[in-house]
Amino acid sequence: MVILVTTVHGDEPRYRKETNEIIRKLQEEQLTSVGIYYYSPYSKNESRIHPEDPPPIGFNASLPIKVIIHGWMGNKNHITIDPVKNAYLALSCCNIITVNWEGGARQNYDVARYMVDTVGKRAGELLHSFLMKMNASAVDVHILGHSLGAHIAGNIGKYFNGTIGRISALDPAGPLFRVNSTDACGRKDAIFVDAIHTDVGVLGEKTQRGHVDFYPNRGFPPQPGCYLLDILTFSSCSHFRAPLLYAESILLPEQFLAVQCEISELFNSIKKCRPKNNLISREKRQMIFMGEATPSSARGIFYLETNNAAPYGRGKHLFRDVVVLCFVFSFYGLSVLGEDLNLDSVKMYYFAPELSTEMLLDNGSTPLPYFNESETVKVIIHGYIAGYKHLSISPLRNAYLSAGAHNVFCVDWSELAFGFYPTVRYRVAKVGHHLGYMMRTQIMSRYPNIPLEQIHVLGHSLGAHIAGNVGRSFNGRIGRVTGLDPAHPAFNEGDKDWVSPSTALFVDTIHTAGNTLGQMTPTGHVSFYPNGGPPPQPGCLLIDYATFVQCSHLRAPIFYAESIIHPKAFPGVKCDFDTITNDVEQCPSLRDSTDIAYMGEFVDRKATGTYFFPTYSVPPLWEGEHRDVVVLCFVFSFYGLSVLGEDLNLDSVKMYYFAPELSTEMLLDNGSTPLPYFNESETVKVIIHGYIAGYKHLSISPLRNAGAHNVFCVDWSELAFGFYPTVRYRVAKVGHHLGYMMRTQIMSRYPNIPLEQIHVLGHSLGAHIAGNVGRSFNGRIGRVTGLDPAHPAFNEGDKDWVSPSTALFVDTIHTAGNTLGQMTPTGHVSFYPNGGPPPQPGCLLIDYATFVQCSHLRAPIFYAESIIHPKAFPGVKCDFDTITNDVEQCPSLRDSTDIAYMGEFVDRKATGTYFFLTYSVPPFGKGARF
């Protein structure tokens, strides 16, 4: 039934008597469906709480109780509820209850609005009964409600006579509420009431409802990033922003710094309320954090500004890119509760020095070739978003094989290791126990006489916790568990599924990215803290394939692998944990210490406590004797590099043809059959991806989708994965082989196409491959474009890097200079957007990647935009020294007499270096704003 009521916003309608009666009957019918549900990270599903039921499994009376209430048209799993609920669950900090009043919420708004008092009373009755049964106090209850749910929260508070500890009103609903509505949320409904307003005047309200009221971006729609969505959804994007902001504040408590503001200033002149202005003003106003960390003493109105995408907060978190993984899942309601996992996807592979390739294990009793029952069994487990050939695993495997170890097993749980982090995090217990079962049926079934003390399980990141759960599956009786920078996000000390001393007879841990991706808490009998533990580890600020945090996280397996080859490489001095974490310089020196333990494979199992040691910034990372002598041997044996004469599977390189008229790509082969829709009068475009990517990578798809006919995308992904220095030295071979493929797969079909009509574009390492394609044609192809050519392990003058000699015209774009990308000009013309080095505009606020990776990816994105908008990026000529040392001295666009447009339509007469600015969001080009 639909009841239409025409009202002025904020006025209560005057219903006819019969209409009121219809509403009353609807309310009575729907109240019976009101329920409260309990959630725990350890239960399979939520459990509905009935007064007569026993206490729910997992309830902890010592923790606070969070009650979350949805709004109109919502339910207990609504997208405004899941972010808050899942953020709390990720921290395991409290008992979670949701109120479900879906039956009433699905009614027409003017019916649902007048149910807030009766729903609040019913939910209050259920909550009161629950608290009495659990012997819990109302003071420990924090109710969070969105939209109409905010007013229901207030009515629950009224039922408890204002004794509830806290109510958070998340954009309380505005339509059909007055300032003095008796059933609206108010500051008397709880000991402390805070409100966040994000959709004032539309679905939300301007009225101050709490002891403290926050107005992000003045509270009015559209909130940043919501403009188009608000138009399409009648302002729901802005209305939904309040719970998203609050969810973020749970995991990042200091994200939302707000300034006290007068109501007249808030809606008229906001200048004095801006946080930056407050810091420099003589009139210092109170500043507090909005959200979970709001102090209960806060009073008044507060203003703050947010970003247009998650993370929304502008707090200064050095590792905010790391913790995005912890909360981004909650914005999208991803479940972490009791999945049905495909544990059969977990595999185990056997390695031995004499074997040419690994062996996939199965259940059985057939002996394994070269297995040595007198040696320790090594089981190595990768971490998040990885596989058994990941660069965190291969150094360990190769080091063991180089040292002659036979019983090496690598676990592949990659099918379960991908996905949003908190979902994967809660798989570690099940994967670990299943792996214990696999070890019994796939190793011990073959060798039943091997003692448990002879088993050593090593794991990196989440793999460290899986290793601990393997140990638990054997009741802690296996010989050793080694945790290589055990994962930190969403783990808390005492969790039943993390690595700990109880998981094996001896547990050692190495901590290299403490308090970010890795744990800082000592979790073994002995715990080592290279360079103090937190990132950046030495050398990681200029890391080649990842950010310094990821690099630091990967240092633990690299250090350990080095210790297999060099047993005394890492002498650690005993130092108490407080000193390591607070003032590591006070730890004794190696010379002065009386308690030394060597970290790694050959650690003394009598060692206990925490140890510190420094390392070098490049491998070998140890500080032992004759370090310079062993470098070449070490690099070869440790990293497993065969850069000298590596036998590459070049047949794995593929080329795909795209045309606008084709519904899907075509895999090319050697032949002469014409390609559909190929246009011999158009330029041939060959696009090449970079490191750890494929032909459908996000660095390639923007270029491919621009609408041209003769577009070919190269897939060399099988050779693009692996440890970076190995992959770096493949560019020449891949490039020359690709030149051969172009002759046999394109030019064999169209022999009359002139070389000048070929344009090869490459991103990152793909830029250098593009240069080597040009070399295979003796530099006679028409054009090579290097999109932020890779920097690490390349030096000016290298014979395999992109340079002006590789084509008749070479242009390069540099967006992550001196980090992942080159800063050196390597083309006839080189462009430096925003000066070249990271961060590119907008990349500090990127939600999934670091600003370095984001900046590295800007080059192909800028170029793709130039295909559609030829004059989007006008560059002014500026010498390289000025660009690198003082880019502000480059001439302005207005003053310059030498302008070249970057991208597809660059003037091929242009030479030298050019500078231009971009916007922070697409369209990026400032040449025209479309």
Side-chain angles (χ1 to χ4, degrees), residues 653-662 665-688 695 700 703-704 706-716 731-732 734-763 766-787 789 800-813 826-830 863-864 866-867 870 900-911:
V653 181
K654 307 295 181 186
M655 194 153 49
Y656 293 86
Y657 170 61
F658 292 80
E661 297 84 356
L662 291 174
E665 67 269 24
M666 286 179 59
L667 174 63
L668 266 64
D669 56 13
N670 297 342
S672 57
T673 306
L675 300 170
Y677 310 109
F678 189 92
N679 189 334
E680 290 191 58
S681 65
E682 289 188 16
T683 300
V684 174
K685 302 288 184 180
V686 180
I687 309 172
I688 310 170
Y695 78 105
I700 300 303
L703 299 165
R704 182 190 68 224
H709 281 88
N710 306 346
V711 177
F712 299 86
C713 291
V714 176
D715 185 5
W716 63 288
V731 299
V734 172
H736 283 268
H737 181 72
L738 183 54
Y740 165 78
M741 291 175 64
M742 290 167 61
R743 289 180 173 91
T744 58
Q745 297 184 8
I746 302 175
M747 301 174 74
S748 63
R749 291 176 164 90
Y750 305 100
N752 295 324
I753 289 181
L755 291 179
E756 294 82 356
Q757 206 169 306
I758 295 175
H759 180 191
V760 186
L761 308 91
H763 173 244
H768 298 298
I769 291 175
N772 284 281
V773 170
R775 285 188 178 89
S776 76
F777 287 96
N778 297 314
R780 293 187 294 115
I781 63 173
R783 182 178 177 187
V784 164
T785 298
L787 303 171
D800 60 350
W801 81 343
V802 63
S803 69
S805 65
T806 56
L808 299 179
F809 179 70
V810 177
D811 57 318
T812 57
I813 304 169
T826 55
H828 293 98
V829 61
S830 295
Y863 194 94
S866 79
I867 300 171
Y901 290 95
M902 182 219 79
E904 177 71 3
F905 301 96
V906 63
D907 184 350
R908 297 201 184 186
K909 295 178 182 178
T911 59

Side chain to side chain contact (heavy atoms under 4.5 Å, CB included) between Val760 and Met742, worked out: CA-CA 11 Å; Val760 186; Met742 290 167 61; 4.3 Å; yes

Audit row: Phe712, Leu675, side chain to side chain contact (heavy atoms under 4.5 Å, CB included) steps and yes/no: CA-CA 11 Å; Phe712 299 86; Leu675 300 170; 3.7 Å; yes

Residue pair Thr785, His759: steps toward the side chain to side chain contact (heavy atoms under 4.5 Å, CB included) verdict: CA-CA 8 Å; Thr785 298; His759 180 191; 2.7 Å; yes

Residue pair Ile687, His763: steps toward the side chain to side chain contact (heavy atoms under 4.5 Å, CB included) verdict: CA-CA 8 Å; Ile687 309 172; His763 173 244; over 6 Å; no

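Residue His737 comes nearest to Val653 through the heavy atom pair CD2-CB, 4.2 Å, listed as atom of the first residue, atom of the second, then distance. Shortest non-hydrogen contact noted between Ile753 and Val684 is CD1-CG2, 4.0 Å. Pairing each heavy atom of Gly786 with each of Pro789, the nearest pair is O-CD, 3.7 Å. Gly739 and Phe777 get closest at one heavy-atom pair: O-CZ, 3.8 Å. Contact between Ala770 and Gly762 at its shortest, heavy atoms only, is CB-N, 4.2 Å. The minimum heavy-atom distance linking His828 with Pro804 is given by the pair CE1-O, 3.1 Å.
With rounding to the nearest 0.5 Å, the separation of CZ in Phe809 from CZ in Arg908 is 6.5 Å. Taking SG of Cys713 as the reference point, atom CE of Met655 lies at 10.5 Å (rounded to 0.5 Å). From Tyr657, atom OH reaches atom CG of Asn710 across 6.0 Å, with rounding to the nearest 0.5 Å. Atoms CG and OG1, from Asp811 and Thr826 in turn, are 9.5 Å apart once rounded to the nearest 0.5 Å. Here CG of Leu703 is found 6.5 Å from CG of Leu761. Values are rounded to the nearest 0.5 Å.
Here the side chains of Leu808 and Leu755 are not in contact, with every heavy-atom distance at 4.5 Å or above. Arg704 has its side chain out of reach of Lys685: every pair of non-hydrogen atoms, C-beta onward, lies at least 4.5 Å apart. Contact annotation: the side chain of Val731 never approaches that of Trp801 to less than 4.5 Å [non-hydrogen atoms, C-beta and beyond].
Partners of Arg775 according to the salt bridge (Lys or Arg N to Asp or Glu O under 4.0 Å) rule, which considers only residues two or more places apart in sequence or in another chain, do not exist here. Residues passing the ring pair (Phe, Tyr, Trp, His ring centres under 6.0 Å) test with Tyr863: none are found, sequence neighbours excluded. In this structure Tyr695 satisfies the ring pair (Phe, Tyr, Trp, His ring centres under 6.0 Å) test together with Tyr656, sequence neighbours excluded. Taking Gln757 as the reference, nothing meets the side-chain hydrogen bond (donor to acceptor under 3.5 Å, both in side chains) condition, with sequence neighbours excluded. By the side-chain hydrogen bond (donor to acceptor under 3.5 Å, both in side chains) test, Ser681 pairs with Asn679, sequence neighbours left out.
Counting non-hydrogen atoms of neighbouring residues, nucleotides and ligands closer than 6.0 angstrom, the CZ atom of Phe905 exceeds 12 such neighbours.
A donor-acceptor pair is defined here as one N or O able to donate and one able to accept, closer than 3.5 Å; such a pair exists between the side chain of Ser748 and the backbone of Gly671. Side-chain N or O atoms of Ser866 include one that pairs as donor or acceptor with a backbone N or O of Glu904 at under 3.5 Å. Looking at Asn778, its side chain never comes within 3.5 Å of a backbone N or O of Arg780 through a donor-acceptor pair. Checked by atom type and distance alone, the side chain of His768 pairs as donor or acceptor with a backbone atom of Val802 at under 3.5 Å. Asp800 places no side-chain N or O within 3.5 Å of a backbone atom of Ala732 that could act as its donor or acceptor partner. At distances below 3.5 Å, not a single donor-acceptor pair connects side-chain atoms of Tyr740 with backbone N or O atoms of Ser776.
A salt bridge is absent between Glu665 and Lys654; no separation between the charged side-chain nitrogens and carboxylate oxygens falls under 4.0 Å.
For the salt bridge (Lys or Arg N to Asp or Glu O under 4.0 Å) condition, the pairs that include at least one residue of residues 749-758, sequence neighbours left out, are Asp669-Arg749.
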